[in-house]
Amino acid sequence: MDQKELVHAVTQRTRLSREESADITWAVLEGLAEQLSEGEARRLATDLPDMLAEQLPGPRRRRQGAHPVVVTDFIRQVGERTGLIYDDARAGTAAVLATLHERLSEEDYSHVIGQLPAGYSELVTAAG
């Protein structure tokens with residue numbers, strides 16, 4: 001998966017600019033890495049473009065398991081990181097997750113989404 005392709009796919013799914021799409025893509029990936037177990041965060045990083053993977057947070061000390069956040073709180077956090085209003089942050093988050101669903105293998109995507117609350121799957125379904 002190429003970084004430009006990932007951002008372009010997010011732009012196509014939303015009404016966000018290319019710059020906003022790049023910002024939200026990074027914010028969502030960073031936020032996911034913070035929620036996933038150390039192993040799953042590393043696994044996700046191997047599926048991402050090198051430039052994005054290198055920027056993801058490193059392994060957390062003493063936090064081996066997943067630490068999921070309720071989807072509405074996650075969207076608020078993404079909005080704070082990007083400066084986007086809630087509705088745009090929601091649409092962008094859904095677009096990033098839907099793009100990951102398309103681009104990752106079914107097994108890899110299942111591992112990521114399986115560590116998150118059900119609201120994340122519902123968000124992807126709503127994004128189409």
Side-chain angles (χ1 to χ4, degrees):
M1 174 174 11
D2 174 273
Q3 183 174 351
K4 287 181 183 180
E5 291 173 358
L6 182 60
V7 171
H8 180 72
V10 172
T11 303
Q12 294 297 310
R13 290 179 184 273
T14 65
R15 57 186 176 95
L16 300 175
S17 70
R18 186 183 173 319
E19 183 178 308
E20 290 169 329
S21 294
D23 289 347
I24 203 155
T25 298
W26 169 247
V28 170
L29 292 173
E30 182 179 45
L32 287 176
E34 291 170 357
Q35 293 184 69
L36 299 173
S37 68
E38 187 176 324
E40 287 309 322
R42 272 189 284 203
R43 184 177 186 156
L44 174 61
T46 63
D47 290 325
L48 297 175
D50 289 341
M51 193 166 134
L52 285 174
E54 290 170 3
Q55 296 174 20
L56 286 180
R60 300 174 297 263
R61 298 192 195 293
R62 295 178 306 232
R63 290 184 65 186
Q64 301 265 331
H67 299 280
V69 175
V70 177
V71 72
T72 53
D73 291 343
F74 181 65
I75 292 168
R76 269 191 224 93
Q77 291 170 3
V78 168
E80 290 170 4
R81 288 177 178 180
T82 60
L84 294 171
I85 63 170
Y86 184 86
D87 288 343
D88 289 343
R90 185 180 192 286
T93 300
V96 172
L97 291 171
T99 301
L100 289 176
H101 187 229
E102 288 177 350
R103 307 286 169 108
L104 297 177
S105 71
E106 192 62 39
E107 179 183 1
D108 287 347
Y109 179 76
S110 293
H111 279 270
V112 169
I113 207 75
Q115 291 196 350
L116 303 171
Y120 288 80
S121 293
E122 294 164 9
L123 193 60
V124 173
T125 302

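Computed over heavy atoms, backbone and side chain alike; hydrogens, waters and symmetry mates excluded. In this text, all values refer to a predicted model and were calculated from it rather than measured experimentally.
- Residue Ser21 comes nearest to Leu16 through the heavy atom pair OG-CB, 3.7 Å, listed as atom of the first residue, atom of the second, then distance.
- Residues that satisfy the side chain to side chain donor-acceptor pair (under 3.5 Å) test with Asp88, not counting sequence neighbours, are Arg15.
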Practice item. Let me see the working for Leu97 and Leu32 under side chain to side chain contact (heavy atoms under 4.5 Å, CB included), right down to the final yes or no. Key: CA-CA 10 Å; Leu97 291 171; Leu32 287 176; 3.9 Å; yes
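- For the atom pair Asp108 CG and Glu40 CD, the distance stands at 8.0 Å (nearest 0.5 Å).
- Pairs engaging residues 112-123 under the side-chain hydrogen bond (donor to acceptor under 3.5 Å, both in side chains) rule: Gln35-Tyr120, Ser37-Gln115 [sequence neighbours left out].
- Listed here is the closest heavy atom pair of Ala27 and Arg81: O-NH1, 3.2 Å.
- Taking all atoms of both residues into account, the shortest heavy-atom contact from Ile75 to Ala89 is O-CB, 3.7 Å.
- Checked for salt-bridge contact, Glu80 and Arg76 miss the test: no charged N lies under 4.0 Å from a carboxylate O.
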Practice item. Please test Phe74 against Val28 for side chain to side chain contact (heavy atoms under 4.5 Å, CB included), starting from the C-alpha separation and ending with a verdict. Key: CA-CA 9 Å; Phe74 181 65; Val28 170; 4.3 Å; yes
Practice item. Show the numbers, then the answer: is there a side chain to side chain contact (heavy atoms under 4.5 Å, CB included) between Leu100 and Val112? Key: CA-CA 10 Å; Leu100 289 176; Val112 169; 5.7 Å; no
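- Under the 4.5 Å side-chain contact rule for hydrophobic residues, Val96 and Val70 do not share a cluster.
- Atom OG1 of Thr14 is separated from atom CD of Glu20 by 8.0 Å, given to the nearest 0.5 angstrom.
- Following chains of ILVMFWY side-chain contacts shorter than 4.5 Å, one cannot reach Val78 starting from Val7, and the two form parts of different hydrophobic clusters.
- In terms of heavy-atom proximity, Ile24 sits nearest to Gly92 at CD1-CA, 3.6 Å.
- The two residues Thr11 and Ser17 come nearest to each other via the heavy atoms OG1-O, 4.1 Å.
- His8 NE2: 12 or fewer foreign heavy atoms inside a 6.0 Å radius.
- In this structure, the side chains of Leu104 and Leu44 come closer than 4.5 Å at one or more pairs of heavy atoms.
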**Study point:** side chain to side chain contact (heavy atoms under 4.5 Å, CB included) assessment of Glu30 paired with Gln77
**Key:** CA-CA 11 Å; Glu30 182 179 45; Gln77 291 170 3; over 6 Å; no
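- A 4.5 Å side-chain heavy-atom check between Leu123 and Arg90 finds at least one atom pair inside the cut-off.
- Rounding to the nearest 0.5 Å gives a distance of 11.0 Å between CD of Glu19 and OG1 of Thr82.
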